[in-house]
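Remarks on the structure that follows.
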Amino acid sequence: MKIATWNLNSLRTRLPQLLSWLDGERPDLLALQETKLPDPEFPAAELLECGYHALCAGQPAYNGVALLSRVVPNLCFTDFSEFPGLTGFRDPQRRVLAAVCTDVCVLNLYVPNGSEVGSPKYAYKLSWLERLQEVVRALLRRHEYLLLVGDLNIAPEDRDVWEPRAWKDKVLCSAPEREHFQRLLEAGLEDCLRKHHAEGELYSWWDYRNASFQRNQGLRIDHILASASLTQCCLSCHVDKRPRGLDRPSDHAPVIAEFELPAGEPDES
DNA sequence: ATGGCGGCTGAGAGCCGA
């Protein structure tokens, strides 16, 4: 099973690139972020034509997530408020989509950027991440095979940052954000890319400015995390940098992981 | 130190991202 995550920075603008990439890669699952598109305008027909069923949770102009799947996916929820115990936390920003595909529960996230440490948006990010911890713990109790994927907007360690001294304590790299990432690992998730690659200079986002991509000045903020049973089955994980080099690219590149699941394992619910 | 770029809305220039 091949699964991928890609922040498209506008599905409308990137649809031709997406369709061409899907034709080449044929992942079983692709989690999308920053679709920036209300649901009635979601290009479901074009994607189905390409062989993909879709679930989406969008809004105009900002945010928006979607899940593409070769098999028909079963939607679980599109907001943390749909979760027992978190009913007071309805978020008008579309950043969450959870679904079950065959035996795997996939939680697709577009974590708030946070703007600047100490800002109101940063406070929103931290409280959002606090709610996420509860959701992840509950999902891990229910699903042996859990994937948490998406634009987490956290560079977990200095090796995930092109200039750690410049980024120190800045948004995406601050200690409270990194602690949230570590808590996800402590809860029972593993970082699939780090299972296979210890080296630095592996990034998933590069600023449009300053020829950052050409100089490989980036951050690793898009992630594929998996529960222990799934991580055991993870054969490979890598960043596909090719789409970032196309004309009019997204500023993020896809991250791809391959799994070999034992036949006939049931998920529980 | 600041802005660089690019996408959005709505028809300007300003907001937002990371």
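Because only heavy atoms are used, hydrogens play no part in the values below, and waters and symmetry mates are left out as well, while side chains stay in. Note that this is a predicted model, so its numbers are computed, not measured.
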Practice item. Mind checking side chain to side chain donor-acceptor pair (under 3.5 Å) for A:Ser81 and listing every partner two or more places apart, or none if nothing turns up? Key: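 Partners of A:Ser81 by the side chain to side chain donor-acceptor pair (under 3.5 Å) criterion, ordered by chain and then number, come out as A:Asp79.
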
Practice item. Quick one: list whatever passes side chain to side chain donor-acceptor pair (under 3.5 Å) with A:Glu179, sequence neighbours left out. Key: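 Expected list: none.
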
Which whole-number value in Å describes the distance from [X] [atom1] to [N] [atom2]?
{"X": "A:Arg220", "N": "B:dA18", "atom1": "CZ", "atom2": "C1'", "answer": "16 Å"}
{"X": "A:Lys170", "N": "B:dA1", "atom1": "NZ", "atom2": "C1'", "answer": "12 Å"}
{"X": "A:Asn210", "N": "B:dG6", "atom1": "CG", "atom2": "P", "answer": "11 Å"}
{"X": "A:Trp205", "N": "B:dG7", "atom1": "CH2", "atom2": "C1'", "answer": "15 Å"}
{"X": "A:Phe213", "N": "B:dG4", "atom1": "CZ", "atom2": "C1'", "answer": "18 Å"}

**Study point:** All ring-ring contact (aromatic ring centres under 6.0 Å, His included) counterparts of A:Phe83, not counting sequence neighbours
**Key:** A:Phe77

Study note, to complete from the structure: Those residues at least two apart in sequence (or on a different chain) that pass ring-ring contact (aromatic ring centres under 6.0 Å, His included) with A:Tyr62 are none

Please state the [atom1] separation for the pair [N] and [M] - nearest whole angstrom.
{"N": "B:dA11", "M": "B:dG7", "atom1": "C1'", "answer": "16 Å"}
{"N": "B:dG10", "M": "B:dC15", "atom1": "P", "answer": "15 Å"}
{"N": "B:dG12", "M": "B:dA1", "atom1": "C1'", "answer": "28 Å"}
{"N": "B:dC8", "M": "B:dG3", "atom1": "P", "answer": "23 Å"}

Review point. If you draw a 6.0 Å radius around CD in A:Gln214, do more than 12 non-hydrogen atoms from other residues or ligands fall strictly inside?
Key: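 More than 12 heavy atoms, drawn from other residues, nucleotides or ligands, come within 6.0 Å of this atom.
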
Any side-chain N or O of [X] less than 4.0 Å from the OP1 or OP2 oxygen of [N]?
{"X": "A:Arg248", "N": "B:dG7", "answer": "yes"}
{"X": "A:Ser212", "N": "B:dG4", "answer": "no"}
{"X": "A:Ser10", "N": "B:dG6", "answer": "no"}

Exercise for review: Between A:Arg14 and A:Pro112, just flag the one whose closest nucleotide in DNA chain B comes earlier from the 5' side.
Suggested key: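 Looking at the nearest nucleotide for each, A:Arg14 comes out on the 5' side.
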
Would you tabulate the pairs of protein nitrogen or oxygen atoms and nucleotide nitrogen or oxygen atoms of nucleotides 9-17 of chain B closer than 3.5 angstrom?
residue: B:dG17; atom: OP2; partner: A:Lys121; partner atom: NZ; Å: 3.4

Exercise for review: Identify the residue among A:Asp151, A:Asn153, A:Asp222 that makes a side chain to side chain donor-acceptor pair (under 3.5 Å) with A:Asn7.
Suggested key: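 The residue from A:Asp151, A:Asn153, A:Asp222 that satisfies side chain to side chain donor-acceptor pair (under 3.5 Å) with A:Asn7 turns out to be A:Asp151.
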
Review point. Which residue pairs satisfy the side chain to side chain donor-acceptor pair (under 3.5 Å) criterion with at least one member in residues 49-61 of chain A, sequence neighbours excluded?
Key: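 Only A:Gln59-A:Asn63 qualify under side chain to side chain donor-acceptor pair (under 3.5 Å).
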
